[in-house]
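What follows is a set of notes on a single structure, which appears directly below.
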Amino acid sequence: MSRRTEKPFWDPDKLQAQFNTESLGKRLIVFNRITSTNDFLKRLARRGAEAGTLVLADQQTAGRGRLGRSWQSPPGVGLWLSFILRPELSLETAGALPLAVSVVVAETLSAICGEPFSAKWPNDILANNRKICGILCETQISPAAGLVGGSNQLDYVVAGIGINVNQRSRDFSSDWRRRATSLAMIAGHPFDRQNVLVTLVQHLDKALFANLPQEMPALLSRWRALCPELGKSIVLRQAQTTITGIFDDVGEGGELILRLADGQRKAYSAGEVSLVQK
Ligand code: BTN
């Protein structure tokens with residue numbers, strides 16, 4: 001069978017009927033194999049694809065994470081998906097989108113699995129201190145923003161979600177093994193990926209497509225409740241520097257607010273957080 005006529009691993013029509021959503025997945029594209037669902041969807045978004053367009057793949061051959069890292073996306077075991085958002089958010093508040101997506105995913109997985117999940121700033125979901133899900137939100141500013149007098153506006157965001165569902169420890173490469181986990185490893189039994197997907201898509205549709213600007217403060221409060229590092233002494237590692245302080249809060253734009261030793265509060269928009277070991 002040629003690649004063009006290969007049957008998709010999930011039937012898009014059946015999936016859409018199960019989704020029964022208002023926006024997310026109204027346009028659905030399913031691949032057996034693709035380089036990266038984010039890369040594919042960014043090309044569609046640039047050409048004007050509507051908010052809610054959803055791309056799923058059974059396997060990614062060049063799945064990407066934050067900071068240029070790769071994301072292992074083998075076939076048959078995970079959920080690798082991306083969707084377009086075109087929310088009426090300022091560029092500043094759009095920075096909070098990875099946290100908003102994280103909280104919806106973490107709460108959904110927790111409800112499915114019956115175990116608690118935590119959020120790690122800015123875009124990770126952890127179980128037993130190991131990563132179970134990564135989120136990559138890629139933002140495009142509208143072309144008018146570059147013109148003199150043009151206001152900075154958001155054009156679209158492609159939100160990519162990678163969830164380890166049925167991997168066993170030996171399925172991860174040796175460098176991931178100590179840091180990664182899956183729903184099956186946490187619960188002690190495998191999950192039907194399609195059921196997990198349908199529940200997740202329904203929750204994302206309700207939380208992110210109905211009235212996002214108004215919902216954002218509540219989503220951030222829910223995110224705070226899932227973040228164990230909040231209020232604790234942390235180290236924030238950036239490319240060139242390491243900063244230590246108390247993780248005081250997250251701002252409206254999802255930035256990490258640190259209270260430094262001299263009492264100053266400073267906001268950071270990038271870096272890796274870890275707890276100070278006592
Ligand atoms: C991270 O942990 O840094 C983010 C990982 C995001 C992975 C997902 S899988 C679906 C989508 N396509 C990609 O290439 N990346 C995201």
Side-chain angles (χ1 to χ4, degrees), residues 9-10 24-25 28-46 49 53-85 95-106 108-109 117-127 129-140 156-167 171-173 175-183 193 196-197 200-201 204 208 223 226-227 236-239 254 256 269-274:
F9 75 112
W10 280 330
L24 183 56
L28 172 66
I29 305 164
V30 180
F31 288 99
N32 290 334
R33 190 170 51 250
I34 196 171
T35 49
S36 152
T37 52
N38 264 41
D39 290 348
F40 175 82
L41 199 50
K42 281 201 290 182
R43 288 196 289 276
L44 287 196
R46 239 175 268 139
T53 303
L54 174 65
V55 176
L56 285 174
D58 185 35
Q59 177 185 14
Q60 295 185 119
T61 53
R64 295 186 295 107
R66 223 164 49 98
L67 309 171
R69 293 177 185 144
S70 71
W71 179 261
Q72 292 175 18
S73 326
V77 288
L79 286 172
W80 327 125
L81 58 126
S82 303
F83 56 90
I84 299 177
L85 285 159
L97 277 169
L99 285 71
V101 177
S102 303
V103 77
V104 179
V105 178
T108 304
L109 296 182
F117 290 84
S118 57
K120 182 162 185 201
W121 187 87
N123 68 334
D124 291 345
I125 298 172
L126 277 69
N129 264 325
R130 287 161 187 243
K131 186 152 159 172
I132 197 158
C133 168
I135 287 153
L136 179 65
C137 287
E138 299 188 278
T139 300
Q140 180 63 46
Y156 61 82
V157 176
V158 166
I161 303 176
I163 304 174
N164 300 325
V165 180
N166 283 329
Q167 287 96 330
D171 296 326
F172 294 112
S173 68
D175 54 327
W176 272 40
R177 210 162 289 150
R178 271 178 302 114
R179 296 178 284 119
T181 190
S182 69
L183 282 183
R193 282 186 301 158
V196 177
L197 173 73
L200 178 65
V201 165
L204 289 166
L208 304 180
W223 187 91
L226 295 182
C227 177
L236 181 70
R237 288 195 175 78
Q238 296 187 322
L256 182 152
S269 55
E272 278 308 319
V273 169
S274 53

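Here, residue 1 is the first one in the sequence, and each next residue gets the next number. Order of appearance sets the numbers: ligands from 1, and atoms from 1 within every ligand. Keep in mind the model is a prediction, meaning the values are calculated, not measured.
At the shortest separation from atom 5 (C) of ligand 1 among protein heavy atoms lies Trp71 CE3, 3.5 Å. When only non-hydrogen protein atoms are considered, atom 2 (O) of ligand 1 lies nearest to Lys131 NZ, 2.5 Å. Nearest protein heavy-atom neighbour of atom 10 (C) of ligand 1: Thr37 OG1, 3.3 Å. The nearest heavy-atom contact from the protein to atom 3 (O) of ligand 1 is Arg66 N, 2.6 Å.
Closest heavy-atom contact between Thr181 and Ala127: CG2-O, 3.8 Å. A pairwise comparison of heavy atoms in Val158 and Ser82 identifies CG1-CB, 4.1 Å as the closest pair.
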What's the verdict on side-chain hydrogen bond (donor to acceptor under 3.5 Å, both in side chains) for Arg33 and Thr61, showing C-alpha distance, side-chain angles and the deciding distance?
-> CA-CA 7 Å; Arg33 190 170 51 250; Thr61 53; over 6 Å; no

Going through the distances and angles, do Leu24 and Leu208 end up as a side chain to side chain contact (heavy atoms under 4.5 Å, CB included)?
-> CA-CA 9 Å; Leu24 183 56; Leu208 304 180; over 6 Å; no

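When the shell of 6.0 Å around CG of Asp175 is examined, it contains more than 12 heavy atoms from other residues, nucleotides or ligands.
Neither the backbone nor the side chain of Asp39 has a heavy atom within less than 4.0 Å of ligand 1. Residue-level proximity to ligand 1 for Ile135 is carried by the backbone, the only part with a heavy atom below 4.0 angstrom.
For the side-chain hydrogen bond (donor to acceptor under 3.5 Å, both in side chains) test, no residue two or more places apart in sequence or in another chain qualifies with Ser182.
Considering only heavy atoms from C-beta on, Leu99 comes within 4.5 Å of Trp121 through its side chain. The closest side-chain heavy-atom distance from Asp171 to Asn164 is not below 4.5 Å.
Residue Gly65 approaches ligand 1 through these ligand atoms, each under 4.0 Å from one of its heavy atoms: 1 (C), 3 (O), 4 (C), 5 (C). Per-residue contacts place Gly134 under 4.0 angstrom from the following atoms of ligand 1 (heavy atoms of the residue considered): 2 (O), 4 (C), 5 (C), 6 (C). Residue-ligand proximity, Gly63 to ligand 1, at heavy-atom distances under 4.0 Å covers atoms 14 (O).
The shell of residues lying under 4.0 angstrom from ligand 1, judged by heavy atoms, includes Ser82. Gln60 counts as a contact of ligand 1, since one of its heavy atoms falls under 4.0 Å from the ligand.
Around atom 14 (O) of ligand 1, the closest heavy atom drawn from Arg69, Lys120, Arg64 belongs to Arg64.
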